[in-house]
Amino acid sequence: MFATVAIVGAGPAGLLLARMLHNAGIDSIVLEHRDRAYVEHRQRAGMLEQGTVDALRACGAAERLDREGLVHHGIELRFDHQSHHLDFPALTGGRSVMIYAQTEIVKDLVALQLAEGGPLLFEAEAIAIEDDMLTFVRDGVEEKLGFDFVVGCDGFHGISRAAIPDARVYERDYPYSWLGILADVPPSCEELIYAHSDRGFALHSMRSPTVSRLYLQVPNDTDPDDWPDDRIWDELDARFAVDADWKLMRGPITQKAVTPMRSFVTEPMRHGRLFLAGDAAHIVPPTGAKGLNLAIADVVTLAKALQHWFTTGSPDLLNTYSDTCLRRVWRAEHFSYFMTTLLHRAPDQTPFDTRLQLSQLHRIADSRHAAAELAENYAGLP
Ligand code: FAS
Ligand code: PHB
């Protein structure tokens, strides 16, 4: 078996890359370890930067997104029982963001790939990547796949990162996690609420006019089963408390999961014919809503570089891929770290630390410049 571009992983990075290469007339094969149902129903991100929406539209994968996506013109910061809205278009020269679940992006891209694209092999686990060949296992049988280029879109737990010799790793683990829920209840807000409280962080997001997505900071190693619905809603009520006429609507919780928080970057993101994209190369704490958007930005950059190579024979963009991506990655790493340490309550937090957080939050609420810095990073830098 041979493909011009072998893609390991059918998450948003691998699937969008395959779609963009298909549109550019470059053949690829996508290998995905899990089955279709698992990949399409794994609850993850939901906040899309304008660049992500533009990329999906440009490759013809945004028809349902444009019908069902929720355009948001800002976020609310809630602290000291007060609400402060950040007006993104006013602060960023017109940029907005969109809520559309990662699961839906994956479903849309899988459908397109199966209908029009190259092979998308589910339950096909890559087990070794060599210079011009990879080995994968399907139905218990080892198979070989030759390639001109191989792209590791296999996420944080994939194998591709290990194929880069002498990689430099930068990482930070956080002393808390997120308990994320899906609830069959209309959102209690038009746009997202990021709440700082003495009890810890909480985030009110959503998936549709009838489904809410909420998160609350919990200790690492929290067992979701220790959090019955009433306990979750009571805790969220306490953390979203505000001196205003506002009520958190409750409803049946249909999904609960705990996600640890980590910052992680591996450099470089390329070795010879092997390129890394998305979570295979970097992880951010989800407080800045950057993970999915970084993955998309990586493959947009790589698709352009591959198309440049095949149309001009110039390796220039391939040679600068890693540095180009890492500039954006480190900006997102810093912003995600900033938002996480600003809003969460560390187990060893002192009253001094809390005063510093509140001072920064008041600065953002009172200063157009400070608010613009957050809004520009959140809505996505060009
Ligand atoms: P993915 O991890 O999505 O996809 C990698 C794919 O590769 C998987 O399908 C995997 O099965 C496959 N794979 C792995 N090894 C393989 C092998 N050897 N052979 C073949 N296939 C293999 N980001 C946000 O912006 N906001 C959030 O709220 C948010 N919440 C998250 C919650 C969780 C639990 C996790 C884990 C991540 C979350 N993220 C969030 C980040 C997330 O959205 C990622 O940034 C995004 O999924 C990255 O996409 P990919 O790089 O495609 O990796
Ligand atoms: C989500 O809707 O899942 C979401 C939104 C913003 C974040 C994290 C998660 O910062």
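As the structure lists them, so they are numbered: ligands from 1, and atoms in each ligand from 1. If you're wondering where the values come from, they're calculated on a predicted model, not measured in any experiment. Just so it is clear, the values below take in all heavy atoms, side chains as well, and ignore hydrogens, waters and symmetry mates.
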Distance from atom 42 (C) of ligand 1 to nearest protein heavy atom, with residue and atom:
Q102 OE1, 3.7 Å

Which residue and heavy atom of the protein sit nearest atom 25 (O) of ligand 1, plus the separation
G291 N, 3.3 Å

So, Y170 versus R172: side-chain donor-acceptor pair below 3.5 Å or not?
no

R34: numbered ligand 1 atoms lying under 4.0 Å from its heavy atoms
11 (O)

Identify the protein heavy atom lying closest to atom 5 (C) of ligand 1, giving its residue, its atom name and the separation to 0.1 Å.
C153 O, 3.3 Å

Which of the numbered atoms in ligand 1 are below 4.0 angstrom from a heavy atom of E125?
18 (N), 19 (N)

Do E373 and N377 have a side chain donor and acceptor closer than 3.5 Å?
yes

With atoms numbered from 1 as shown, which atoms in ligand 1 lie under 4.0 angstrom from a non-hydrogen atom of L31?
20 (C), 21 (N)

For G155, counting its heavy atoms only, list the atoms of ligand 1 lying under 4.0 Å from any of them.
2 (O), 5 (C), 53 (O)

Measure A289 to ligand 1 on non-hydrogen atoms and call it side chain, backbone, both or neither using the 4.0 Å cut-off.
backbone

Side-chain donor-acceptor pair present, Q113, H22, cut-off under 3.5 Å:
no

Inventory of protein N or O atoms under 3.5 Å from ligand 2 N or O:
residue: ligand 2; atom: 2 (O); partner: S205; partner atom: OG; Å: 2.7
residue: ligand 2; atom: 2 (O); partner: R207; partner atom: NH1; Å: 2.9
residue: ligand 2; atom: 2 (O); partner: R207; partner atom: NH2; Å: 3.4
residue: ligand 2; atom: 3 (O); partner: R207; partner atom: NH2; Å: 2.7
residue: ligand 2; atom: 3 (O); partner: Y215; partner atom: OH; Å: 2.6
residue: ligand 2; atom: 10 (O); partner: Y194; partner atom: OH; Å: 2.7
residue: ligand 2; atom: 10 (O); partner: P286; partner atom: O; Å: 2.7
residue: ligand 2; atom: 10 (O); partner: T287; partner atom: O; Å: 3.4
residue: ligand 2; atom: 10 (O); partner: A289; partner atom: N; Å: 3.4

Nearest-contact summary for atom 52 (O) of ligand 1 - protein heavy atom, Å
A13 N, 3.0 Å

Quick one: does ligand 1 sit under 4.0 Å from the side chain of Y38, the backbone, both or neither, non-hydrogen atoms only?
neither

Looking at atom 30 (N) of ligand 1, what's its closest protein heavy atom, distance included?
R44 C, 3.9 Å

Is the centre of the F79 ring less than 6.0 Å from the centre of the H362 ring?
yes

Within 4.0 Å of some non-hydrogen atom of G9, the atoms of ligand 1 are 6 (C), 7 (O), 12 (C), 21 (N)

With heavy atoms only and a cut-off of under 4.0 Å, state how M47 meets ligand 1: side chain, backbone, both or neither.
neither

Just checking, any donor-acceptor pair under 3.5 angstrom between side chains of S208 and E68?
no

Using a heavy-atom cut-off of under 4.0 Å, does the side chain or the backbone of A124 touch ligand 1, or both, or neither?
backbone

Which atoms from ligand 1 have a heavy atom of V8 less than 4.0 Å away?
17 (C), 19 (N), 20 (C)

Checking T254 against D184: is there a side-chain donor and acceptor pair closer than 3.5 Å?
no

Is there any N or O on N293 that sits under 3.5 Å from an N or O of ligand 1?
no

Quick look: A257 vs ligand 1, heavy-atom contacts under 4.0 Å, and the answer is neither

Whether the side chain of H204 engages the backbone of S188 through a donor-acceptor N/O pair (distance < 3.5 Å, no angle test) should be reported.
yes

Any N or O of H33 closer than 3.5 Å to N or O of ligand 1
yes

For the CZ atom of F156 and the CZ atom of F264, what is their distance to the nearest 0.5 Å?
5.0 Å

One finds that the ligand 1 atoms under 4.0 Å from a non-hydrogen atom of G278 are 51 (O)

Atom 11 (O) of ligand 1 has as its nearest protein heavy atom E32 OE2, 2.7 Å

Testing the 3.5 Å rule here: is there a donor-acceptor pair between the side chains of E76 and S83?
yes

Which atoms of ligand 1 are found less than 4.0 Å from any heavy atom of G158?
15 (N)

Is there a side-chain contact between D298 and H282 in this structure, where contact means two heavy atoms from C-beta onward sitting under 4.5 Å apart?
yes

Which residues satisfy the ring-ring contact (aromatic ring centres under 6.0 Å, His included) test with F338, sequence neighbours excluded?
none

